[in-house]
Amino acid sequence: MAQHDFDLFVIGGGSAGVRLARIAAGHGAKVAVAEERFWGGTCVNVGCVPKKIMVNAAEYGMWAEDAAAFGWNIENHGHDWARLAAARDAEVARLSGIYGRMLAGAGCTVFDARATFLDPHTLDVGGKRVTASRIVVATGGWATKLDIPGAELGLISDDLFTLKALPKRVAVIGSGYIGLEFACLLRGLGAEVEVIFRGDLPLRGFDRDIRASVMEAMTAQGITMTSGTKPVRLSKMEDCTLLTLSTDFTREVDAVFFCTGREPNTRGLGLEKAGVSVAANGAIPVDAEHATNVAHIFAIGDVTDRLNLTPMATAVGHALADTLFGKNPRKASYENVPTAVFTSPPIATVGLTEAEAASRGPTDIYVTHFTPMRHTISKREGRKTLMKLVVDQASQRVLGAHMLGEDAAEIMQGIGIAVVMGATKADFDRTIGIHPTAAEEFVTLRTRTRVAGVEEAPAHGYAAE
């Protein structure tokens, strides 16, 4: 092998790239990383972290209102957007700085610059010519807007974190997890919010019971859920934006958020000069080892458009470092990956939906739907809990678990371990519950709600798939 400047060059300093670089350096590789925007990538800077801080802020407002039911006399003087923004931005800056310091501490060479391919082993890094034996593309993705007249008047998810004040009237276009999270946190902070989407239910790809429940919950907290329609035009008015819908109705709003998807960030990387194939949507196809069609060039994280989750990207980065430099070939599994949607109330899920499991054969479905103890006292609307287990009838293995309700994400992390290990319904049944909690319902579900995957199965239950 020809001599190169580095054993490994990583393009992108997000979750995937940083973990890969740091672990590879720990295995003794000579590593460099280039990041042109901000260390920590989308998650730390304009994604998971600042969003969750704002979700927490919105929840505090509801807790303050609910406190009276529990005997507390709390006066609510309104929300201070600037104060929240300052605290959020300080935390983001702290975490972003940690990423850079971790790389330097691991012995990596760090470039605050854009890196583009000149040939399969050579990169232009901020005007400097650099070569590497192996190169990994970990450049993540970008939020997109719909191609409609006036789209430039709308915002993308990144823009939430630069707003100087809370927009009072907001239209959210799209009903994926980003759109629903933004709708809930903006509503919780005091905005009037409408979610506009094409389907009959939000959160396409999630279990149908969860989709129906979150739509009810969001409606109950005052969010307008407008299904079966799409925007066709944005127009600038004197003091607002006019949104025209496919139904010919219009909305006067202060902000329009396009939460209509993300695309892989591969434009301008010069991948064609390295001979790397790129899909029509910009994603980089990879094999099971995350290698591209060029054997020494790899791609990980959202740029592959496989399962666009921060923990998945981090796990893949770590596994690739162990494989290439740690003499420990391994893969990170894309199956049974727990995930959460930080709506109000939050959603968490792991494994198969009812529809996915039913397509494989007879499936036992267990569902419970109740008001959690806190809200039997607070009387707050839209805070019911839904919990669901999807069980293969033949083996009794739990194939999926789904929850909407208080602390769903915290609860599902533990349930995820059981699902990954192949736990059966009997394993859940013999586990003693912690009382009084919502979580205990996962181990006390005894009565089957319905059977799916059988033609004559009754369609009973909260919302049949």
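Starting from 1, each residue takes its place in the sequence as its number.
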Checklist line | CA sep, side-chain torsions, deciding dist, call: D5, T109, side chain to side chain contact (heavy atoms under 4.5 Å, CB included) | finding: CA-CA 11 Å; D5 298 322; T109 299; over 6 Å; no
Evaluate whether atom [atom1] of [X] has more than 12 neighbouring non-hydrogen atoms of other residues, nucleotides or ligands under 6.0 angstrom away.
X	atom1	answer
F70	CZ	yes
E91	CD	yes
R330	CZ	yes
R37	CZ	yes
Y60	OH	no
E272	CD	yes
I74	CD1	yes

Which atom names give the shortest non-hydrogen contact between [X] and [Y], and what distance separates them?
X	Y	value
R383	P345	NH1-N, 3.6 Å
P231	I173	CG-CG2, 3.6 Å
T353	V390	O-CG1, 4.1 Å
T304	A299	CG2-O, 3.5 Å
V31	A25	CG2-N, 3.8 Å

Item checked: Test log, rule salt bridge (Lys or Arg N to Asp or Glu O under 4.0 Å), inputs K384 and E216 -> CA-CA 10 Å; K384 289 187 179 295; E216 287 186 9; over 6 Å; no
Next item on the list: Could you tell me whether E289 and K331 have a side-chain N and a carboxylate O separated by less than 4.0 Å?
Entry: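 Looking at E289 and K331, the cut-off is met.
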Checklist line | Side-chain ion pair, D254 and R169, N-O less than 4.0 Å | finding: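 Here D254 pairs with R169 in a salt bridge, since their nearest N and O are under 4.0 Å apart.
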Note to self: Quick one, L160 with M54, criterion side chain to side chain contact (heavy atoms under 4.5 Å, CB included). Give me CA distance, side-chain angles, the key distance, then yes/no.
What the structure shows: CA-CA 10 Å; L160 174 68; M54 297 185 76; 3.9 Å; yes
Once rounded to the nearest 0.5 Å, what's the spacing between atom [atom1] of [X] and atom [atom2] of [Y]?
X	Y	atom1	atom2	answer
R83	R88	CZ	CZ	15.0 Å
E181	K51	CD	NZ	3.5 Å
K230	I196	NZ	CD1	13.0 Å
M225	F197	CE	CZ	4.5 Å
L123	I135	CG	CD1	4.0 Å

Check: Centre of F325's six-membered ring, under 6.0 Å away, within 45 degrees of the axis: is that where NZ or CZ of R134 sits?
Finding: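 Yes, R134 sits over the ring of F325.
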Are [X] and [Y] linked by a side-chain donor-acceptor pair shorter than 3.5 Å?
X	Y	answer
H375	R380	no
R262	T42	yes
D158	W142	no
T229	S246	yes
E263	T144	no
E59	S344	yes

Notebook entry, point to check: Which class fits the ring pair F257 and F182: parallel under 30°, tilted 30 to 60°, perpendicular over 60°?
Noted result: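 F257 vs F182 ring planes: perpendicular.
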Next item on the list: Apply the test side chain to side chain contact (heavy atoms under 4.5 Å, CB included) to residues R211 and R204: give CA-CA distance (whole Å), side-chain angles for both, the deciding distance (0.1 Å), then the verdict.
Entry: CA-CA 8 Å; R211 298 173 69 194; R204 181 170 59 88; 4.3 Å; yes
Margin query: If we ignore hydrogens and angles and just use 3.5 Å, is the side chain of S96 paired with the main-chain N or O of V92 as donor and acceptor?
Written below: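 Side chain of S96 to backbone of V92: no pair is present.
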Checklist line | side-chain hydrogen bond (donor to acceptor under 3.5 Å, both in side chains) against K128, all qualifying residues, sequence neighbours excluded | finding: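 With neighbours one apart ignored, the set is empty.
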Can you find a heavy atom in the side chain of [X] that is under 4.5 Å from one in the side chain of [Y]?
X	Y	result
E35	Y99	no
D112	W39	yes
I347	L203	yes
V341	F206	yes
E406	M373	no
F298	L20	no

Next item on the list: Check the pair I11, F117 against side chain to side chain contact (heavy atoms under 4.5 Å, CB included), reporting the backbone distance first and the verdict last.
Entry: CA-CA 10 Å; I11 307 175; F117 283 92; 3.8 Å; yes
